[in-house]
Each structure stands twice: as C-alpha cells, then as structure tokens.
Amino acid sequence: MTRESLADVLDEIALLLELKNENPFKVRAYRHGAETVRNFAGDIVALAAANQLDGIKGIGEALRDKLHILASTGTLPFHQHLRAEFPPGLFDLFELHGLGPKKVKTLYESLAISSIAALKLACEAGTVAALPGFGATTQANILAAIALHDKFADAFTLGAITPLAAEMLDTLRLHPEISRATVAGSFRRAKETVHDLDFLVATTSPALVCQDFTTLPQVATILACGDTKASVRLYNGLQCDLRAVSNIEFPFALQYFTGSKEHNVALRARALKLGLSLNEYGFTPTAADAPAPAAAIHDEADLYHALGLDFIEPELRENRGELEAAAAHELPRLVELANLRGTFHNHTTASDGLDSLESMVAEAIDMGLQYLGIADHSKSTFIGNGMDEARLLEQLAAIARLNAAHPDFRIFAGCEVDILRDGSLDFDDPILARLDYCVASVHNIFNLTEEEMTRRICRAMENEHVTMLGHVTGRLLLKRDPYPVDHAKIIDCAAATRTIIELNCSPLRLDMDWRWWKRARDLGVLCAINPDAHSTARLHHIGLGVRLARKGWLRREDILNTRSRAEVEAFFNTPKAAR
Ligand code: DGT
Ligand code: CA
Ligand code: CA
Ligand code: ZN
C-alpha cells in the first residue's frame with residue numbers, strides 16, 4: 001500500500017457513498033480524510049499499518065479503523081462491497097468535466113449507461129437530452145467533455161502526479177545499488193501537463209535496478225524490461241520510463257532526458273560550434289585536433305559551464321531565450337518556496353471551503369507563514385455558496401477577533417468578488433473599501449467573444465478596490481478549455497492600473513499560463529502565488545505555484561507573497577495608483 005493508493009480508496013468511497021445518496025457529512029469525512037492522507041507530514045502508511053492514527057486531525061474513528069485494515073491487509077472489505085454494487089466502467093464517467101454523482105446516477109439508473117463509450121453513443125442518439133434535468137445543452141456539454149477527455153487521454157496534470165513521483169523516488173533512493181535518482185523530462189521542467197515520468201538513476205548494477213523498478217508497488221503492468229531501461233504502467237494509467245546509467249554518464253543523461261527537445265537541439269548546435277558533439281553519454285571532440293572540455297563534468301552545471309553557459313534551471317529549458325541569457329550571464333535568480341511568507345486567495349466554510357477560518361489559519365501558522373489572505377466567494381457564485389454583504393461583514397468581524405488572538409500572525413480580510421457580465425463587480429465599492437484587499441474573478445458567462453471578455457476583465461481591473469485578478473482564463477487543465485482572452489491586453493491593463501495578476505496554483509488551473517509571465521514581469525506587473533485553497537491541505541499547493549512561477553522566469557521581487565507581513569500591510573494601505 002502506498003500513500004496515494006490509501007488516499008485514492010478514500011476518495012472512491014466518497015464517490016460511492018454519493019452515488020448511494022448517503023449523508024453528505026459522511027461523504028465529506030472521507031474526502032477530507034483523503035486530503036489528510038495525501039498531505040500528512042509523517043509516514044502515514046506505516047502509522048496506519050501499526051494502528052497509530054489516533055489524534056490526527058481529519059481522521060475520525062471510522063476512518064482510522066478502515067485505514068488500518070487497508071494498510072495492514074492491502075484491501076478493505078467495506079470498499080470492495082460498495083464497489084461491487086456498481087459496474088467498474090461507471091467510475092470513468094467521473095473523469096468527464098461537469099458530470100457529478102447525481103447525473104452519473106441518473107444516467108446509470110435510467111439508461112443503464114456505465115462507460116464513456118456507451119454515454120457517447122447515447123448522446124449521439126439524443127437520448128441523454130430527453131432525461132429529466134439534462135436537456136440539449138447538457139448533452140452537448142457532455143459530448144464536448146468526452147472529446148476533451150479523448151484528446152488528453154494520455155496526459156496528466158503536474159499537480160496530480162507530483163506526490164506519486166515523490167513517493168516512487170523515495171523508494172528508489174533507498175535502493176542499495178542506486179547512488180543518484182531523479183525524475184527528468186517534462187516533470188522536471190514543471191510543464192503543466194505531463195505524458196510520462198522519466199526516471200533516471202546512477203548505478204553499477206543497471207539490470208538489477210531495472211528489474212526492481214518493475215516491482216514497485218505502484219506498478220500495474222510491465223511494458224518492457226531490459227539491461228539499462230524499463231517501462232511500466234501504473235494503476236492510474238501513467239507510464240513511467242527508467243534509464244539506468246553510470247555515475248559518469250549521469251549528468252549527460254540528466255541533461256538529455258530533461259529536455260526539452262527544442263532546448264537540446266539548440267544546446268547541441270552550440271556544442272558543435274565549439275567542436276564538441278554532445279549526446280546522453282558525454283562530449284566527444286568532432287575532430288582529432290579539437291580540444292576536449294577543460295574540466296571534468298560531475299553535474300549539469302559543469303556541463304553548461306563547459307559550453308560557456310551559466311547553469312540553466314530545468315524549468316527554463318524550453319528554448320525561449322534561456323540559452324542567450326545564460327551566455328550573457330543574464331539569467332534571472334528564480335524564486336524559491338522558502339521565499340514565500342504568506343498567500344492571499346483561500347476559501348473557508350463561509351463559502352465552498354472544507355475547513356473553517358480557524359483551521360486554515362492554524363495550518364498557515366504551522367507552515368511557517370506570517371500571514372494568510374481569506375477570499376471567499378461573493379453572492380453571485382451560487383454553487384460556491386457565495387456570501388452576501390451581511391455574511392461578508394460577519395466574516396470581517398470574525399477575522400478581526402482572530403487577529404486579536406494571534407498578535408504574531410496576520411489574517412488579511414479579502415474576498416473573491418465575481419466580475420459580472422459587463423465588468424462591474426458583485427459588491428459595491430463601499431463594501432469593498434472595508435476589506436484589506438480583493439481578488440476579482442470571472443465565474444460564469446464564458447461564451448463571450450475574446451474582445452468582450454477582455455473588456456469585461458479590464459473594466460474590473462480599473463476598479464480602485466480590485467487588488468488582484470483571479471484565474472485569468474478559467475481553464476481547468478485537461479477538462480475545460482480557457483475562455484478566450486487577449487493576454488497581452490490584460491497584462492498591459494494590469495500594468496497601467498497597478499493590478500496584480502494571480503498565479504492560481506490550484507493543480508487544475510495553473511492560470512495565468514507560464515508562457516505569459518516573463519512579459520508581465522518585464523512590464524512591472526506583480527504576481528501573487530495563490531493556491532485558491534478550499535482546504536488546509538491545499539494550502540500546500542503554493543509549492544506547485546512556485547514551480548510554475550519559476551517556469552515563468554519570476555524572481556523573488558516579482559511576487560507579492562515574498563514580502564514580509566509589514567511590507568504587505570503597507571502595500572495594501574497604499575492607494576492602488578501609488579503602488
Ligand atoms: P512529455 O513526456 O510528452 O510530457 O514530454 P518530455 O519532454 O518528457 O518528452 P519525452 O518523455 O518524450 O522525452 C524526455 C526527454 O528526452 C525530452 O524532453 C528530450 C529528450 N528526447 C527525447 N527524444 C528526443 C529526440 O528525439 N531528440 C532530442 N534532442 N531529445 C529527445
Ligand atoms: Ca516525459
Ligand atoms: Ca518518456
Ligand atoms: Zn474563483
């Protein structure tokens with residue numbers, strides 16, 4: 001049993017209970033338990049196996065006992081019995097955006113649909129539209145969701161596989177025959193979506209290591225296993241490749257398999273100009289009289305230095321100007337997780353968060369942060385249980401009380417205010433003026449033209465009280481396309497109005513896209529790394545946000561949450577135009 005598979009079982013139980021119309025509090029307990037397992041700081045699998053989960057917040061007695069059975073025996077009869085009540089293909093339907101338990105249940109009970117293929121046929125035949133609560137629009141949306149699902153069938157979001165990669169690396173690093181282990185490829189470059197994990201290890205026993213790789217607990221099927229490489233597929237469908245190389249080859253292999261292909265092509269061309277051919281094994285002089293590299297290559301930095309370049313961080317290796325900057329010694333010093341002092345866009349049970357204000361604050365303090373911004377939904381976000389003015393003011397009072405109780409920590413009172421169709425805001429200015437800051441976001445009416453949507457967002461940014469723009473395009477990676485916006489215009493408007501743009505680092509969003517940050521930074525637009533956390537566990541996604549900020553060339557000084565509490569207080573107290 002691994003941490004991920006424990007959490008997955010709890011999540012699946014939550015879904016199954018929802019399908020059975022069970023008590024929502026019970027459903028929530030399992031979902032919350034899954035989050036706790038995923039993010040617990042210690043070895044939760046060992047603790048569960050030893051029945052030592054008592055006192056862990058988020059894991060009640062029922063979950064404690066089930067986790068113990070699961071971790072110590074590998075299965076949970078309660079889960080198996082629940083699962084047996086439904087056909088296995090039914091679970092695939094949950095991967096489609098917009099299909100929740102209620103709709104899945106109706107599809108199953110009315111039309112006996114229990115697979116994506118069957119659902120597609122039924123939509124094409126028009127029978128889904130005729131179901132109560134569905135209609136032609138829903139049917140068209142389902143077909144669009146199926147098309148997206150097929151298009152991204154072999155892709156995973158970076159956030160979804162990060163814990164899995166860490167777990168597998170931990171095991172590999174304990175192997176007595178492995179001296180170095182890492183994940184290369186698009187994962188190491190922090191691409192927002194990834195097709196496979198490319199593991200790389202240094203060893204003197206490559207064949208044995210390949211063999212052992214195929215027996216990792218996450219592995220479902222072995223695709224290939226040779227003397228220096230192996231490929232497997234995990235239970236969640238993710239393919240993982242392993243390359244086993246010698247310690248001397250390791251820096252060359254790491255550089256090569258990190259990519260990107262475009263970066264490597266440009267790097268090899270540069271090497272050739274210096275009389276060196278570069279591949280995954282090493283440098284070879286292209287002519288008998290060409291000079292070999294001056295110094296030995298122990299790591300990637302040595303390799304880049306041998307080509308007259310500063311070390312290029314993996315996130316930057318997309319051939320978007322990094323080689324030129326490295327040659328001119330002008331690479332940015334990228335932000336690091338340790339630089340973050342707080343974060344701004346987070347939800348509580350006052351809107352659609354899973355955890356209370358008090359719990360969110362306790363977690364932020366635990367994480368060593370100096371401040372936490374609370375930004376719950378405004379009234380127009382019905383499905384997000386948006387707050388009206390009265391509830392917002394209640395929350396403001398609760399935050400003031402909590403601030404008084406925590407003199408060493410600061411809770412900033414904000415809100416995530418809806419940008420209405422015409423670019424006006426869901427709360428009036430006098431209400432917004434009472435807050436420390438405000439995040440403005442689009443949550444509905446996505447079907448505007450690019451020009452209309454851009455105008456709508458720019459109008460919101462022109463408001464004196466809008467501190468930052470939330471999730472610029474509303475995209476849900478692999479699930480929902482971005483609504484059309486003119487990024488260049490929005491960035492210009494942010495610069496002109498001194499509005500911060502958020503890097504929403506909820507794993508499904510990673511919005512604004514990394515490709516636009518360098519431009520924003522160069523125009524003086526400030527970034528805020530915001531997890532949009534709907535639970536205490538998800539506050540930890542700021543780590544993912546930092547990876548994407550780095551990919552966007554951002555430095556510490558480009559990001560508001562690297563500033564101290566006092567600096568942020570001063571920032572919020574300064575009129576927008578003077579910031
Ligand atoms: P992915 O897996 O599609 O998310 O993206 P990558 O970049 O991880 O691609 P992958 O797994 O096919 O290959 C890993 C790295 O190996 C890639 O970033 C660069 C290197 N590589 C693979 N094939 C080639 C190639 O044909 N030429 C060059 N120059 N490099 C390659
Ligand atoms: Ca890859
Ligand atoms: Ca690969
Ligand atoms: Zn939002």
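Sequential numbering from 1 along the given sequence is applied to the chain's residues. Just so you know, ligand 1 is whichever comes first in the structure, and atom 1 is the first atom listed for that ligand.
Only protein N, O or S atoms were considered, and those under 3.0 Å from the Ca ion (ligand 3) are D196 OD2, D198 OD1, D241 OD2.
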Please list, one pair per line, the donor and acceptor atoms closer than 3.5 Å that link side chains of residues 476-492 to other protein atoms, with sequence neighbours excluded.
{"from": "K479", "atom 1": "NZ", "to": "E95", "atom 2": "O", "distance (Å)": "2.9"}
{"from": "R480", "atom 1": "NE", "to": "G474", "atom 2": "O", "distance (Å)": "3.3"}
{"from": "R480", "atom 1": "NH2", "to": "G474", "atom 2": "O", "distance (Å)": "2.9"}
{"from": "Y483", "atom 1": "OH", "to": "H471", "atom 2": "O", "distance (Å)": "3.3"}
{"from": "Y483", "atom 1": "OH", "to": "V472", "atom 2": "O", "distance (Å)": "3.2"}
{"from": "D486", "atom 1": "OD1", "to": "A488", "atom 2": "N", "distance (Å)": "3.2"}
{"from": "D486", "atom 1": "OD1", "to": "K489", "atom 2": "N", "distance (Å)": "3.2"}

Table please: side-chain donor-acceptor pairs of residues 218-234 below 3.5 Å, with sequence neighbours left out.
{"from": "Q218", "atom 1": "NE2", "to": "E167", "atom 2": "OE1", "distance (Å)": "3.0"}
{"from": "S231", "atom 1": "OG", "to": "D241", "atom 2": "OD1", "distance (Å)": "2.7"}
{"from": "R233", "atom 1": "NH1", "to": "G237", "atom 2": "O", "distance (Å)": "2.9"}

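Residue-environment remark: CD1 (I248) stays at or below the threshold of 12 foreign heavy atoms within 6.0 Å.
No side-chain N or O of T536 forms a donor-acceptor pair with one of E363 less than 3.5 Å apart. Looking only at atom types and distance, the side chain of H345 has a donor-acceptor partner in the side chain of E416 under 3.5 Å away. Y235 and E4 form no side-chain donor-acceptor contact under 3.5 Å, judged by distance and modelled atom types alone. A donor-acceptor pair shorter than 3.5 Å can be found between the side chains of R180 and N247.
Applying side-chain hydrogen bond (donor to acceptor under 3.5 Å, both in side chains) to R475 and the options D513, D511, N504 leaves one that passes, D513.
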What does the contact table look like for ligand 1 (nitrogen or oxygen on each side, cut-off under 3.5 Å)?
{"from": "ligand 1", "atom 1": "2 (O)", "to": "D196", "atom 2": "OD1", "distance (Å)": "2.9"}
{"from": "ligand 1", "atom 1": "3 (O)", "to": "H195", "atom 2": "ND1", "distance (Å)": "2.8"}
{"from": "ligand 1", "atom 1": "4 (O)", "to": "S186", "atom 2": "OG", "distance (Å)": "2.6"}
{"from": "ligand 1", "atom 1": "4 (O)", "to": "H195", "atom 2": "N", "distance (Å)": "2.9"}
{"from": "ligand 1", "atom 1": "4 (O)", "to": "H195", "atom 2": "ND1", "distance (Å)": "3.4"}
{"from": "ligand 1", "atom 1": "5 (O)", "to": "S186", "atom 2": "OG", "distance (Å)": "3.4"}
{"from": "ligand 1", "atom 1": "7 (O)", "to": "R189", "atom 2": "NH1", "distance (Å)": "2.9"}
{"from": "ligand 1", "atom 1": "7 (O)", "to": "R189", "atom 2": "NH2", "distance (Å)": "3.4"}
{"from": "ligand 1", "atom 1": "8 (O)", "to": "S186", "atom 2": "N", "distance (Å)": "2.8"}
{"from": "ligand 1", "atom 1": "8 (O)", "to": "S186", "atom 2": "OG", "distance (Å)": "3.4"}
{"from": "ligand 1", "atom 1": "8 (O)", "to": "D198", "atom 2": "OD2", "distance (Å)": "3.2"}
{"from": "ligand 1", "atom 1": "11 (O)", "to": "D196", "atom 2": "OD1", "distance (Å)": "3.2"}
{"from": "ligand 1", "atom 1": "11 (O)", "to": "D198", "atom 2": "OD1", "distance (Å)": "3.3"}
{"from": "ligand 1", "atom 1": "11 (O)", "to": "D198", "atom 2": "OD2", "distance (Å)": "3.1"}
{"from": "ligand 1", "atom 1": "18 (O)", "to": "R189", "atom 2": "NH1", "distance (Å)": "3.3"}
{"from": "ligand 1", "atom 1": "29 (N)", "to": "R268", "atom 2": "NH1", "distance (Å)": "3.3"}
{"from": "ligand 1", "atom 1": "29 (N)", "to": "R268", "atom 2": "NH2", "distance (Å)": "3.4"}

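Checked against the 6.0 Å centroid threshold, F283 and F252 count as a close aromatic pair.
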